[in-house]
Amino acid sequence: MEKILIVYYSRTGTARQAAQALAAHTGWPLAEVSDLSSRAGLRGDARCVLDILLQRHVGYRYAGPAVDECQRLVIVAPIWVGHLAAPMRSFLRDSMPLCCKTSVICVMARQGAFKGAEEIARLATEPPSPVLALRQGDVASGAALQDLRAFAEQVDAANGRAVVAQRPAWLSPREA
Ligand SMILES: Cc1cc2nc3c(=O)[nH]c(=O)nc-3n(C[C@H](O)[C@H](O)[C@H](O)COP(=O)(O)O)c2cc1C
């Protein structure tokens with residue numbers, strides 16, 4: 001059986017909530033990438049935007065098991081300006097070559113999740129699968145739980161632990 005690790009970055013709690021719900025449902029261990037310095041407030045917003053636009057490598061803290069010991073990394077992160085949040089992108093770049101399989105959950109206000117997944121595809125040896133896009137409002141309301149369970153089933157199916165109906169590798173947010 002694959003050793004699976006959920007690694008998340010969250011600035012304001014949405015990705016954390018999704019990652020924790022997935023961990024509670026599956027029992028997969030959690031690891032956190034966090035900021036070295038606060039991104040709170042307007043100055044924090046501006047730094048997020050600049051980090052993306054200038055493609056800066058940013059400092060971060062990692063708390064969790066060694067990534068090179070897992071066979072599948074489930075990456076949970078927000079979208080910033082149509083890209084993967086800078087701390088997660090920096091963490092993944094520093095973890096290269098990413099030889100394990102990857103699965104991705106991007107949280108967002110409205111759009112951009114698939115661009116984030118494409119960035120991960122460029123960093124990993126094979127494209128991430130499954131990929132799940134979640135809207136912030138659905139995570140907050142609990143409506144995303146159903147999608148998170150379906151995502152876990154897809155990972156289990158890829159891992160030979162369950163037989164589920166074939167579904168697309170990319171799961172879109174539910175319709176409003
Ligand atoms: C600087 C910045 C840029 C953002 N850009 C986008 C975007 O391009 N598309 C989108 O749908 N949401 C965007 N968002 C919203 C976040 O993706 C959304 O609030 C997400 O749920 C935050 O996750 P977190 O609470 O785990 O930090 C942006 C947020 C910030 C702070």
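By convention here, the first residue in the shown sequence is residue 1. Since the structure is predicted, the reported quantities are computational estimates derived from the model, not experimental observations.
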Would you mind reporting whether [Y] and [X] have side-chain heavy atoms less than 4.5 Å apart?
| X | Y | answer |
| --- | --- | --- |
| Pro65 | Leu5 | yes |
| Phe151 | Val155 | yes |
| Arg89 | Asp51 | no |
| Gln55 | His83 | no |
| Val7 | Val67 | no |
| Asn159 | Arg72 | no |

To the nearest 0.5 Å, tell me how far [X] [atom1] sits from [Y] [atom2].
| X | Y | atom1 | atom2 | result |
| --- | --- | --- | --- | --- |
| Thr26 | Glu153 | OG1 | CD | 12.5 Å |
| Glu32 | Tyr8 | CD | OH | 3.5 Å |
| Lys101 | Cys70 | NZ | SG | 12.0 Å |
| Glu2 | Cys100 | CD | SG | 9.0 Å |

Might you point out which heavy atoms bring [X] and [Y] nearest each other, and give the distance in Å?
| X | Y | value |
| --- | --- | --- |
| Ala40 | Ser38 | N-OG, 3.0 Å |
| Leu134 | Ala144 | CD2-CB, 3.8 Å |
| Leu22 | Leu148 | CD1-O, 3.8 Å |
| Met108 | Ala133 | CE-CB, 4.0 Å |
| Leu123 | Leu98 | O-CB, 3.9 Å |
| Ala152 | Trp28 | CA-CH2, 4.0 Å |

The side-chain contact (heavy atoms from CB on, under 4.5 Å) partner of Thr102 among Pro128, Pro127, Ser129 is Pro128
More than 12 heavy atoms of other groups within 6.0 Å of Leu42 CG: no
CD (Gln111) with more than 12 external heavy atoms under 6.0 Å: no
Are the side chain of Ser90 and the backbone of Val58 linked by a donor-acceptor contact shorter than 3.5 Å? yes
Between Glu119 (side chain only) and Leu84 (backbone N and O only), is there a donor and an acceptor less than 3.5 Å apart? yes
Salt bridge (charged side-chain N to carboxylate O under 4.0 Å, His left out) for Arg47 and Asp35? Distances and angles first, verdict last. CA-CA 12 Å; Arg47 190 152 64 89; Asp35 289 307; 5.6 Å; no
Stepwise side chain to side chain contact (heavy atoms under 4.5 Å, CB included) check, Asp94 with His57: CA-CA 9 Å; Asp94 289 347; His57 182 280; 2.9 Å; yes
Start with the C-alpha gap between Lys115 and Ile79, add the side-chain angles, then the distance that decides, and say whether side chain to side chain contact (heavy atoms under 4.5 Å, CB included) holds. CA-CA 9 Å; Lys115 191 99 181 287; Ile79 292 299; 5.9 Å; no
For this output row, return yes or no: ring centroids of Tyr62 and Phe91 closer than 6.0 angstrom. yes
Run Arg11 and Asp45 through salt bridge (charged side-chain N to carboxylate O under 4.0 Å, His left out) and show every step you take. CA-CA 10 Å; Arg11 177 181 174 233; Asp45 285 342; 2.8 Å; yes
